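Just so it is clear, the model here is predicted, and its values are computed rather than measured. The chain is numbered in sequence order, starting from 1.
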Amino acid sequence: MVKSYLKFEPSKSFGLVATSTSNLVWTSAAKDKSSTGAGHAVVAANEEVLVWDVKKGELLSRWRDDNCRAQVTAIAQSRTDPDLFAVGYDDGSIRLWDSKIATAVVSFNGHKSAITVLAFDKTGVRLASGAKDTDVIVWDLIAEVGQYKLRGHKDQVTGLRFVEPEAHLQTEDGDDLAMVVDSEPADGFLLTTGKDALIKLWDLSSRHCIETHVAQTNGECWALGVSPDSSGCITAGNDGEMKVWALDIAALSESAQKVDLSQTVKFLRDRGTLHRQSKERAVEVTFHPRRDYFAVHGIEKSVEIWRMRTETEVKKTLARKRRRRREKLAATKGKKAADGDLDIEDGKDEADDVNDAEISDVFAQHVIVRTTGRVRSVDWAMSQGKKDLKLLVGGTNNLIELYTVVGRDKLKTKADAPDYNRALAVDLPGHRTDIRSLAVSSDDKMLASAANGSLKIWNIRTQTCIRTFECGYALCCAFLPGDKVVVVGTKEGELQLYDVASATLLESVNAHEGSAIWALQVHPDGKSVVSGGADKTAKFWEFRIVQEQVLGTTRTTPRLKLVQSRILKVSDDILSLRFSPDSKLLAVALLDSTVKVFFTDSLKLYLNLYGHKLPVLSMDISYDSKLVVTSSADKNIRIWGLDFGDCHKALFGHQDSILQVAFVPHNSDGNGHHFFSASKDRTIKYWDADKFEQIQRIDGHHGEIWALAVSHHGRFLVSASHDKSIRVWEETDEQIFLEEEREKEIEELYENTLTTSLENDPDAEDADREVGAASKQTVETLMAGERIAEALTLGMEDLNTMQEWEAAKVSNPHLAPPQRHTIFVALGNISAEVYVMNVLQRIKASALHDALLVLPFASVPMLFTFLNLFALRSLNIPLTCRILFFMLKTHHRQIVASRTMRAMLDGIRANIRAALKRQKDEMGFNIAALRVVGLQLQDMSVKEYVDDKWDADVEAANASALRKRAFVHVS
């Protein structure tokens, strides 16, 4: 009989505030009772997106696609619909999420590698994406397709922004302004930067690059920030260098109307270079949407906020410089010579303009915000009615902070330095550093996680943090019997006892005199604990309740103390130790790659286990005390018998060092011989120690897995990783068979190699062009193509059968209908063309083109036969036209060369035109009816009134718009 096992599936993930793989986005809170004034932070959390209430520190929403395991690498919010977010992933896919329902509404696949930057256009109907594969793709969000791919950068795209000039203003008779609105809105322009140090301006109407500049002189361009009015931008790279560019919006707007452009026109103009205080490479440049500030930061623990001076300030600076020049001239050349030169200088100064001022006179550093950890991303937070600047900062240390910065207008005197303070932070739901140890309480309700600097106690069911303690660099931890006290071993050699109920440190013992405590375990009887460290000793500690006198009184209070009872000296550092569940033996793993087994009572050596080539990092003893399993840095797992110390089996377990192994207390057989292993290769594996077989491979973590803990009833395990997440994996009722698991792994491998081979074989003609098709073959598109081919074959067979029956029915009217395929019968005797249309409609719009590319040319005549029937019966004309035009474009040469296909196209053209004419007439009738209804409503309206002040208000608004200073004044 084939043995079956129960499958472990992911159930919970917590301990994560924000990962450093992506930027963060601040969004205003919805207007409801539960919302707070600080807004929400939308952040990446490995493969999920989390929405945090910044003020309360509460998790409001979790966006996760079960089919996606790739990490989030970019987030962007739509400017027109605040509930719509675009999220880019590590595998090159993009998903559009509706934040209200936390659901992915559209998914795109076009890039070969991780998305680096996303940007919506002004109208919210287009999305541009840049990736590490150096391509830029523009997506149509209405049709849900990729429009085209722009190639030009030689390294990853680091910045992306739509530049859409407004309908320009023209003067009439030189006094008033009139709005000239174009009859057809242009596609606009796209500004991109890459790691190849280039900044490019693309014309999206003609789909080509119209201007290229070297953005950074010292190697790479890592960030792009565009001013809110799109009149200028700043690029940033290595060594703290920032370059300011002026963008001629008026010329761009005019060029959109012209067909032929002269080569002399330059829309981007270099205005100069600014230098940050830090010399680290920049990561992000973010302009404030409403005020004249921008934030720039690298990978250091600070954010620099720069201010753009007003026109008056710039003029004062220029005047001060002129005055200094005159004074210098007067001092060096004497009074008469100075008077003569002064006239020349005055004439020159009058010609000076704000636009020609040095860029260092226009921009000034406002303040440097020092943060708790290294900064990964920042975003400006908008506040209602307050003049203070608010900056949301996401760190690399699993932390979100909100800083309040005093603006220039709030300073009492010019000499005052701007101040800032950390107003809010989301830090409790996670550790700042990697978790090194996990421990589950005896009732499986609480979890202790220990890291460098902190110990946290979690409620496993609700995933909330109950307690947080400050501790040293924790390497191991364990719950004491009763689950009220946690013991922690630190890198400094201290054993620390924490009381969970009162949230206090009970005692700290310098157990190993400065040497790291790598392992500790509570004795099975619960009366003592053993600790092993780098000082080559294992020390046994007993729990004692000691009556301590309360200071200033005669009363005493009971207190838990650790008292050393015995010591075991060994030949090398102890990396791991384990009691056997029957408490007779103690196994100790040493740095010399051996495992020594001692009798617990006499501490005499019982067994020596040799075999590993590198040190044993972890081990565990089965619950019947018959097997010991060891894992090592040599990537091997060894299973030993505790009766004779013989090695039952050596398994090549993982692709990297195996950091943890743990037996499951009671499996379905009841002998407890199943165990888990966790490795630096980011996987957990489930093994059968009797059959020496891998049962299941568990993927999910995005970093090396440092800690593993199995529940006492064996129904779930908990793992903690370098990706800062704590994940719970629960045993399900689903059975798995080893042969099926092997087949699944082989299928996954085949699918990955298949899609990779398709990606690496681009169309030869398309490879060298600046613009290409935004397509990418995935397993989904391949399967969709197979479904179309299958539907076409079935449909053609059915069409031929029905035609033969119709022909035979002429001579024999009482002929019974033929036996059709069971699929058509099951679907209610539908016709072949309806069946094919249903198959085509079920394919996602974003995957349709790639699915049609899978079809061989031999299937095209069959497809065109059905397209003709669709047109004849007016079945989903938009989809019919889309498929027809795409197939004509793809197979144009072959179709033109075929006589039969040309005859078929004539029929399709006639039927399509007839169907489109019917739709056009219907739409015209409906539009006319709507106009009539509109006129009737207008006649029925209560009163038409005219605001006498309206003209005056419009004139005042236009005048103030002219007076408003814009970025263009420095260009």
Open item on the list: Using a 6.0 Å cut-off, check whether atom NZ of K154 has over 12 heavy atoms from anything other than its own residue.
Closed with: no
- [ ] Using side-chain contact (heavy atoms from CB on, under 4.5 Å) as the criterion, point out the one residue from V214, V244, L198, T193 that pairs with T235.
- [x] T193
Open item on the list: Under a 3.5 Å cutoff, is there a donor and acceptor pairing between the side chains of S278 and E304?
Closed with: no
Open item on the list: Can you tell whether the side chains of E48 and K12 come within less than 4.0 Å, N to carboxylate O?
Closed with: no
- [ ] Using only heavy-atom distances, determine whether the side chains of T192 and W202 contain a donor-acceptor pair under 3.5 Å.
- [x] yes
Open item on the list: We want to know whether E47 and H702 form a side-chain donor-acceptor pair, criterion being a heavy-atom distance below 3.5 angstrom.
Closed with: yes
Task: Value rounded to 0.5 Å, distance of OG in S78 from CG in L118 - done: 12.0 Å
Open item on the list: What's the separation between atom NE2 in H722 and atom CD1 in I705, rounded to the nearest 0.5 Å?
Closed with: 12.5 Å
Open item on the list: Let's go through E401 and R370 carefully: what are the C-alpha distance in whole Å and the side-chain angles of both, what is the deciding distance for salt bridge (charged side-chain N to carboxylate O under 4.0 Å, His left out) to 0.1 Å, and is it a yes or a no?
Closed with: CA-CA 11 Å; E401 298 171 305; R370 304 288 176 188; over 6 Å; no
TODO: Start with the C-alpha gap between D65 and R95, add the side-chain angles, then the distance that decides, and say whether salt bridge (charged side-chain N to carboxylate O under 4.0 Å, His left out) holds.
DONE: CA-CA 9 Å; D65 189 343; R95 285 168 179 76; 2.7 Å; yes
Open item on the list: Check for me whether R307 meets the cation-pi criterion with F363, that is, NZ or CZ under 6.0 Å from the six-membered ring centre and within 45 degrees of the ring axis.
Closed with: no
Task: Smallest separation among heavy atoms of V54 and H40, with atom names - done: CG2-C, 4.1 Å
Open item on the list: Around atom NZ of K243, are there more than 12 heavy atoms from other residues, nucleotides or ligands closer than 6.0 Å?
Closed with: yes
Open item on the list: Treating T433 as the side-chain partner and N452 as the backbone partner, does any N or O pair qualify as donor plus acceptor under 3.5 Å?
Closed with: yes
- [ ] Could you tell me the separation between the CG atom of L127 and the CZ atom of F162, rounded to the nearest 0.5 Å?
- [x] 7.0 Å
Open item on the list: If you take the centroid of each ring, where Trp contributes its six-membered ring, are F287 and W380 closer together than 6.0 Å?
Closed with: no
Open item on the list: So does R727 get a backbone contact from the side chain of S725, meaning a donor-acceptor N/O pair under 3.5 Å?
Closed with: no
Task: Spatial distance of atom CD1 (I94) from atom CG (L96) [nearest 0.5 Å] - done: 8.0 Å
- [ ] Could you pull out the closest heavy-atom pair between I75 and A44, with the gap in Å?
- [x] CD1-N, 3.8 Å
- [ ] Would you check if there is a donor-acceptor pair between the side chains of W458 and S449 at a distance under 3.5 Å?
- [x] yes
- [ ] For the residue pair E704 and S721, confirm or rule out a side-chain donor-acceptor distance under 3.5 Å.
- [x] no
Task: R422 CZ: over 12 foreign heavy atoms closer than 6.0 Å - done: yes
Task: Side-chain donor-acceptor contact under 3.5 Å, T116 with K132 - done: no
Task: Over all atoms of both residues, closest heavy-atom pair of D90 and A114 - done: OD1-CB, 3.1 Å
TODO: Keeping the roles fixed (side chain from R309, backbone from D361), state whether a donor-acceptor pair exists under 3.5 Å.
DONE: yes
Open item on the list: To the nearest 0.5 Å, what is the distance between CG on L16 and CG on L59?
Closed with: 10.0 Å
Open item on the list: If you apply the rule side-chain contact (heavy atoms from CB on, under 4.5 Å), what do you find for D121 with E164, and how did you get there?
Closed with: CA-CA 8 Å; D121 74 342; E164 296 164 284; 3.7 Å; yes
Open item on the list: Whether the side chain of R271 engages the backbone of W245 through a donor-acceptor N/O pair (distance < 3.5 Å, no angle test) should be reported.
Closed with: no
Open item on the list: If you take the centroid of each ring, where Trp contributes its six-membered ring, are H366 and Y293 closer together than 6.0 Å?
Closed with: yes
Open item on the list: Looking at every heavy atom in both L50 and V17, which two are closest together, and how far apart are they?
Closed with: CD1-O, 3.9 Å
Open item on the list: Would you say S99 and W97 are linked by a side-chain donor-acceptor pair, where the criterion is simply a distance under 3.5 Å?
Closed with: no
Open item on the list: For the residue pair T217 / E241, report whether a side-chain donor-acceptor contact shorter than 3.5 Å exists.
Closed with: yes
- [ ] Report the C-alpha separation of F469 and I457 in whole Å, then their side-chain angles, then the decisive distance to 0.1 Å, and conclude whether the side-chain contact (heavy atoms from CB on, under 4.5 Å) test is met.
- [x] CA-CA 9 Å; F469 303 95; I457 312 296; 3.8 Å; yes
Open item on the list: Nearest 0.5 Å, please: how far is CD1 in I305 from OG in S302?
Closed with: 10.5 Å
Open item on the list: Checking S846 against E144 for the side-chain hydrogen bond (donor to acceptor under 3.5 Å, both in side chains) test, could you report, in this order, the C-alpha distance in whole Å, the side-chain angles of both residues, the deciding distance, and whether it holds?
Closed with: CA-CA 5 Å; S846 55; E144 298 181 7; 5.7 Å; no
Task: Q365 versus W306, closest heavy-atom pair with distance - done: N-CE3, 3.7 Å
Open item on the list: Tell me every residue that passes side-chain hydrogen bond (donor to acceptor under 3.5 Å, both in side chains) with W139, counting only those two or more places apart in sequence or in another chain.
Closed with: S129
Open item on the list: Using side-chain contact (heavy atoms from CB on, under 4.5 Å), reason through V296 and R276 one step at a time and then give a plain yes or no.
Closed with: CA-CA 9 Å; V296 57; R276 298 192 297 127; 3.5 Å; yes
Open item on the list: Between I435 and W706, is the side-chain contact (heavy atoms from CB on, under 4.5 Å) condition met? List the steps.
Closed with: CA-CA 7 Å; I435 296 166; W706 291 113; over 6 Å; no
